[in-house]
A.B. asks: 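The structure that follows is given in the form of structure tokens.
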Amino acid sequence: MDTLDLAHYLIGKVAVHDVAAGRLSGRIVETEAYPVGDPAGHAFRGKTARNSSLFLGRGYAYVHFTYGSSFMLNVTSEARGVGAGVLIRALQPLEGIDLMQCSRGVTRLMDLARGPGRLAEAMRIDFRQDGVDLCAAGPLWLAATERNTGTIGESVRIGLTRNIDPRWRFYERGNPYVSGPRRLRE
DNA sequence: TATGCGATATTCT
DNA sequence: GAATATCGCATAG
């Protein structure tokens, strides 16, 4: 499975994070792929201290901090030593909603995890989760779900300045928890 | 609803 | 010193 397949596959799956106060979980409704050789990907210029988690192999967390205020959660893809990953851009909150409202400071369900920075804040993701194995037992992991997923749409990625053209963003069509302008949610 | 801009910290040049 | 896989508030329509 390559990076694009993984980005598609992750839609409808559930991300779970157990913290001291309880369990936080949400259904993934929006992702973006950053495959091998993508100039917009953090691994493009080689391995550094910041992005080393991207090279761990498939199924690890890569947590990144940007714009002075936002963490972002990625799932690594490809083989060990190859830098590529999938950015989780939005969740539909399932469990621990009261905890998310507390950490985000808002009450509207739609505003809890719509957008990568909000998502990380709601799920209490930070550098401590960088490099965690998401397929093994631990506080943070990915679970499959029995629930049906709607049609999956694709679009250009959001917020990039390089390599804008490829349609490597995937989302569940019409789901109100998807981020971005309206035309990119339908 | 849509667009614009400043805040903020870490990394790389 | 510049750039950045963003957010929230401001303003205008």
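Being a predicted model, the structure only gives us computed values, none of them experimental. So that the names make sense, note that chain A is the first sequence line, chain B the second, and so on, each numbered from 1.
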A.B. asks: Mind calculating the distance between NZ (K47(A)) and C1' (dC12(B)) to the nearest angstrom?
C.D. replies: 18 Å
A.B. asks: Whole-Å distance between dC7(C) P and E121(A) CD?
C.D. replies: 10 Å
A.B. asks: Could you tell me whether the phosphate oxygens of dA3(C), OP1 or OP2, come under 4.0 Å of any side-chain nitrogen or oxygen in R162(A)?
C.D. replies: no
A.B. asks: Taking atom CD1 of I164(A) and atom CZ of R157(A), what is their separation to the nearest 0.5 Å?
C.D. replies: 9.5 Å
A.B. asks: Pairing of DNA chain B as dot-bracket, 5' to 3': ( ) intra-strand, [ ] crossing, | other strand, . unpaired, with Watson-Crick or G-U pairs under 3.5 Å?
C.D. replies: |||||||.||||.
A.B. asks: Under a 3.5 Å cutoff, is there a donor and acceptor pairing between the side chains of S77(A) and R58(A)?
C.D. replies: no
A.B. asks: To the nearest angstrom, how far is H64(A) atom NE2 from dA9(B) atom C1'?
C.D. replies: 10 Å
A.B. asks: To the nearest Å, give me how far apart CZ (F44(A)) and C1' (dT11(B)) are.
C.D. replies: 17 Å
A.B. asks: Taking the six-membered ring for Trp, are F71(A) and F127(A) closer than 6.0 Å centroid to centroid?
C.D. replies: yes
A.B. asks: Quick check on dC12(B): is either OP1 or OP2 less than 4.0 Å from any side-chain nitrogen or oxygen of T48(A)?
C.D. replies: yes
A.B. asks: For dT10(B), does OP1 or OP2 lie under 4.0 Å from any side-chain N or O of T66(A)?
C.D. replies: no
A.B. asks: Please determine if a side-chain N or O atom of R169(A) lies less than 4.0 Å away from the OP1 or OP2 oxygen of dA5(C).
C.D. replies: no
A.B. asks: Is the shortest heavy-atom distance from the side chain of W168(A) to the side chain of P35(A) under 4.5 Å?
C.D. replies: yes
A.B. asks: Counting only side-chain heavy atoms from C-beta out, which of dG8(C), dA5(C), dT13(B) sits nearest to R104(A)?
C.D. replies: dG8(C)
A.B. asks: Does a side-chain N or O of H42(A) approach OP1 or OP2 of dA5(C) to a distance below 4.0 Å, or not?
C.D. replies: yes
A.B. asks: Measure the distance between the ring centre of Y34(A) and the centre of the six-membered base ring of dA5(C), then answer whether it is under 5.5 Å with planes under 30°.
C.D. replies: yes
A.B. asks: Check whether any side-chain nitrogen or oxygen of R50(A) sits under 4.0 Å from OP1 or OP2 of dA3(C), and answer yes or no.
C.D. replies: no
A.B. asks: Please tell me if the side chains of K13(A) and R27(A) come closer than 4.5 Å, counting only heavy atoms from C-beta onward.
C.D. replies: no
A.B. asks: Round to the nearest Å and state the distance from R118(A) atom CZ to dA5(C) atom P.
C.D. replies: 18 Å
A.B. asks: Return yes if a side-chain donor-acceptor contact under 3.5 Å exists between E172(A) and T151(A), otherwise no.
C.D. replies: no
